[in-house]
Amino acid sequence: MLRDCHTHNLASTDGIISVNPDFNDFKPNKNYSCGIHPWTTHQIENESTLFDQLEKTCSEKKIIALGEAGLDRLRGLPLSAQINIFIKQIELSEKYELPIILHCVKASSELLQLKKKFNPRQPWIFHGFRGGFINARQLANAGLYLSIGEKFNRDGIKGIPDDKLLVETDESQLSIEEIAARIGPDTLKISTYNLNNLLNN
């Protein structure tokens, strides 16, 4: 059963391992997400080839989620270009029925506008959420899941409904149990239920 919503630990057996589109060392009985990270958008040499590669991976069912994908005002291409790349990944998410694991930095309003515009059937997971109470409520009310890692805003946790709460290790050296315990009682149980439920719907 999956417990870790997002990790970069290739050895993980209970998490969704985030990899790049050029990754080709998929192991049986492991779970992966694959996407074009906003930080790498300025390194794209041939966008068409990259998307062909990403779609091939999606179509072969080697992954169970798309991502990391999203928007970042501080790194990568200008936001307008990132939005275009993200929209293409939204379309792949819908086509192959894959949840999106989102990387979003200082672009929540744009993210919510896109969510409203496309009205996706697939779940959106805001990974590494560190925002406050109001931001948490806005995202949760728009239907997003919020995944919490080692660093988080205690006030923000209060704004996340139980049915939208997920937990992740990301790049932390802490275990998923340690991170969940820092957030609160029953966090891992709630998150594990939510994660497996959204993947199976």
Side-chain angles (χ1 to χ4, degrees), residues 2-7 15-16 18 33 35-38 64-74 79-80 82-170 176 179-201:
L2 284 167
R3 302 191 302 163
D4 188 346
C5 175
H6 173 73
T7 183
I16 302 176
S18 179
S33 69
I36 300 170
H37 196 294
I64 62 170
L66 195 148
E68 297 174 49
L71 307 171
D72 193 320
R73 283 189 182 277
L74 304 183
L79 198 62
S80 58
Q82 289 189 30
I83 287 172
N84 290 333
I85 292 170
F86 179 47
I87 287 171
K88 291 180 181 179
Q89 294 186 88
I90 295 172
E91 292 168 348
L92 285 180
S93 162
E94 292 295 293
K95 180 176 180 179
Y96 294 103
E97 299 183 339
L98 298 168
I100 298 183
I101 297 175
L102 299 163
H103 171 102
C104 183
V105 175
K106 299 188 181 300
S108 289
S109 60
E110 289 81 2
L111 189 74
L112 289 172
Q113 287 171 13
L114 290 166
K115 181 77 162 57
K116 184 175 181 180
K117 177 180 178 180
F118 287 93
N119 190 27
R121 299 184 313 275
Q122 297 306 308
W124 285 18
I125 301 165
F126 192 119
H127 113 79
F129 180 73
R130 299 184 191 180
F133 181 90
I134 293 175
N135 191 207
R137 279 294 163 90
Q138 287 176 330
L139 293 166
N141 287 342
L144 276 75
Y145 289 85
L146 302 178
S147 182
I148 308 300
E150 179 180 357
K151 298 177 182 178
F152 58 86
N153 181 332
R154 180 63 65 182
D155 187 56
I157 299 294
K158 298 174 184 176
I160 305 174
D162 280 356
D163 65 349
K164 296 298 180 188
L165 177 65
L166 297 170
V167 183
E168 64 182 62
T169 56
D170 195 13
I176 195 70
I179 292 172
R182 291 182 176 192
I183 297 168
D186 295 326
T187 294
L188 188 55
K189 180 180 178 181
I190 292 167
S191 170
T192 300
Y193 173 82
N194 290 340
L195 180 59
N196 289 276
N197 187 54
L198 75 86
L199 289 170
N200 291 322
N201 282 343

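Computed from a prediction, not measured in an experiment: that's the story for all the values here.
Residues meeting the salt bridge (Lys or Arg N to Asp or Glu O under 4.0 Å) test with Lys95, sequence neighbours left out: Glu55. Take Lys106 and apply the salt bridge (Lys or Arg N to Asp or Glu O under 4.0 Å) test, not counting sequence neighbours, and it matches no residue. In terms of the salt bridge (Lys or Arg N to Asp or Glu O under 4.0 Å) criterion, residue partners of Arg73 (sequence neighbours excluded) are, by chain and number, Glu110. Residues passing the salt bridge (Lys or Arg N to Asp or Glu O under 4.0 Å) test with Glu91, sequence neighbours excluded: none.
The shortest side-chain heavy-atom distance between Leu71 and Leu114 falls under the 4.5 Å cut-off.
Side chain of Asp4 to main chain of Thr169: a donor-acceptor pair is present (N/O by atom type, distance under 3.5 Å, no hydrogens or angles). No donor-acceptor distance shorter than 3.5 angstrom exists from the side chain of Glu94 to the backbone of Pro120, with no hydrogens or angles considered. A side-chain donor-acceptor contact under 3.5 Å links Gln82 to the backbone of Asp72. Asn194 places a side-chain N or O within donor-acceptor distance of the main-chain N or O of Leu165, the cut-off being under 3.5 Å. Without hydrogens or angle criteria, Ser18 side chain to Ser33 main chain gives no donor-acceptor distance under 3.5 Å. Of the possible donor and acceptor atoms, none in the side chain of Ser93 sits under 3.5 Å from a partner among the backbone N and O of Gln89.
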All N/O donor-acceptor pairs, side-chain side in residues 131-147, below 3.5 Å, sequence neighbours left out:
residue: Arg137; atom: NE; partner: Gly159; partner atom: O; Å: 3.0
residue: Asn141; atom: ND2; partner: Arg137; partner atom: O; Å: 3.1
residue: Ser147; atom: OG; partner: Glu168; partner atom: OE1; Å: 2.6

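The side-chain hydrogen bond (donor to acceptor under 3.5 Å, both in side chains) contacts involving residues 148-161 comprise Glu150-Ser172, where partners must be two or more places apart or lie in separate chains.
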